[in-house]
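Heads up, the thing below is written out as structure tokens.
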Amino acid sequence: MDEFPTIMKARQFVRSADITSVPVDIGRLAATANARIKVVDDLNGDESGYTFPLNGKHVIAVNGNHREERQRFTVLHEIAHIVLDLPSQHHGGKLTISDLMRYGRRPPEEMLCDVFAAECLLPYDFFSKDVGNVDISMEAVKKLARQYKASITSTGSRFAINAIEPCAFVLSENGMVRYVSRSKFLREMNGWIEFNMPVPQGSVAQRLFQGASKTEDYDEIAADTWFSNGVKNYDMLAEEALLLREWDQCLSLIWFDENLRSTAAGQDSGEGDEPLLRELDGILPWPSKSRRK
Ligand SMILES: [Zn+2]
């Protein structure tokens, strides 16, 4: 599944709506998609919303009992179906919270609608500047989520895409890696994280899944924990993870910075030294990076 054309369509759509500030004006985006938002208060708790045609327009009904951030995402997900012309795969026509939150067996069209929605909520023209001005941390993601009235999950995925540094965002569910987004720098470094695989042993996410009490943690771990093929010149990575117990999901922010660079970096030691460097992984006492907030 290639997200790139969808992201480009979302950027074009936001620009065509003439959005000039954040949090993004959802009513304005709906109008641009020839849609009207109807807040409904008698939907079941699990129902997020649905769309129906009326007098040549689309009416997007949204559950008024849900938190504002969830309502905004629901409306944008429905707008995505309209703009991308992708028929909905929702159960019985209604979009439920599980449709939005469960990643396990989600159809690819639904994933693309979420990508579109997240890009509209956190538009590149604004968000890339804000991401460029902060150090990578889960705290930064949370702060931006509040500022843009978006979920931590959407914000984290767009954060990694927009980061200048080598950075990835991973969503795991029931112990399986289900979604990965990566910054341009990381893609260029060929830093690849497999998905639909079990959360790797030794990762912060795995520790949170197995632990009983902690819901957040940070550590510096061997780079090949997440990147099975390793990443050239980087032996260690930073991972900060957040457990969403309600959904049995874990969000990981994974990044590299200069303080985590291999001592051999710059000397370009060649392939011959690689096994030695690998052996040192994990036992080398690495100078700890103070957490920057
Ligand atoms: Zn959908």
Side-chain angles (χ1 to χ4, degrees), residues 1-14 16-17 24 26-40 42-54 57-123 145 148-158 161 169 171 173-174 178-181 195-196 244 246-247 249 251:
M1 183 180 73
D2 190 5
E3 294 182 355
F4 191 68
T6 303
I7 291 171
M8 288 299 119
K9 277 183 193 162
R11 285 183 193 169
Q12 214 174 21
F13 174 69
V14 170
S16 72
V24 169
I26 302 294
R28 197 175 184 124
L29 289 179
T32 306
N34 190 32
R36 185 166 69 75
I37 302 166
K38 185 179 176 221
V39 179
V40 182
D42 59 357
L43 283 176
N44 291 335
D46 185 45
E47 290 169 349
S48 292
Y50 56 95
T51 302
F52 59 92
L54 187 74
K57 272 185 176 268
H58 308 274
V59 178
I60 299 172
V62 61
N63 193 335
N65 299 314
H66 285 177
R67 289 197 311 272
E68 186 184 10
E69 146 222 317
R70 175 157 284 158
Q71 290 185 38
R72 289 165 61 81
F73 193 85
T74 299
V75 170
L76 281 170
H77 179 98
E78 294 291 331
I79 288 176
H81 279 295
I82 297 167
V83 175
L84 300 173
D85 198 19
L86 289 173
S88 93
Q89 314 273 321
H90 312 155
H91 304 107
K94 279 182 185 164
L95 179 67
T96 64
I97 295 180
S98 320
D99 286 333
L100 285 174
M101 292 299 291
R102 290 288 172 214
Y103 279 73
R105 279 182 291 276
R106 165 99 59 65
E109 299 88 340
E110 294 298 318
M111 298 283 273
L112 288 179
C113 287
D114 285 354
V115 167
F116 184 97
E119 180 62 39
C120 290
L121 264 182
L122 304 143
Y148 283 77
K149 294 190 177 176
S151 70
I152 296 173
T153 304
S154 305
T155 309
S157 78
R158 305 321 298 160
I161 296 269
F169 170 83
L171 182 144
E173 184 177 274
N174 301 323
R178 291 302 188 186
Y179 180 83
V180 179
S181 64
F195 47 97
N196 292 329
L244 306 175
E246 186 190 356
W247 299 102
Q249 288 176 346
L251 312 179

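Being a predicted model, the structure only gives us computed values, none of them experimental. One-based numbering, in listed order, for ligands and for the atoms of each.
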Practice task
Report, rounded to 10°, the angle at the Zn ion (ligand 1) between the two atoms NE2 (His81) and NE2 (His90).
Solution key: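 An angle of 110° at the metal.
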Practice task
State, without any angle test, whether Asp114 and His77 hold a side-chain donor-acceptor pair at a distance under 3.5 Å.
Solution key: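 Asp114 vs His77: donor-acceptor pair found between side chains.
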Handout entry: Inter-residue atom distance Tyr179.OH - Gln249.CD, 0.5 Å rounding
Key =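 Output value for this atom pair is 13.0 Å.
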Problem - Residue Cys113, metal the Zn ion (ligand 1), N/O/S under 2.8 Å - result: no
Problem - Metal check, the Zn ion (ligand 1) vs Glu109 N/O/S, cut-off below 2.8 Å - result: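 Within the cut-off used here (under 2.8 Å), Glu109 places no N, O or S atom near the Zn ion (ligand 1).
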Handout entry: Closest His77 atom to the Zn ion (ligand 1) [N, O or S only]
Key = NE2
Exercise for the section: Considering just N/O/S atoms, say which atom of Glu110 is closest to the Zn ion (ligand 1). Expected result: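 Looking at Glu110, the N, O or S atom with the least distance to the Zn ion (ligand 1) is OE1.
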Exercise for the section: Sequence neighbours left out, what passes side chain to side chain donor-acceptor pair (under 3.5 Å) with Tyr50? Give chain and number order. Expected result: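 Per chain and number, Tyr50 pairs via side chain to side chain donor-acceptor pair (under 3.5 Å) with no residue.
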Exercise for the section: Flag the pair Ile97 / Arg70 as yes when at least one side-chain heavy-atom distance between them is below 4.5 Å, and no otherwise. Expected result: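 When only atoms from C-beta onward are counted, Arg70 and Ile97 do touch, with a gap below 4.5 Å.
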Practice task
Go through the steps to decide whether His90 and His81 satisfy the test side-chain contact (heavy atoms from CB on, under 4.5 Å), and finish with yes or no.
Solution key: CA-CA 11 Å; His90 312 155; His81 279 295; 3.1 Å; yes
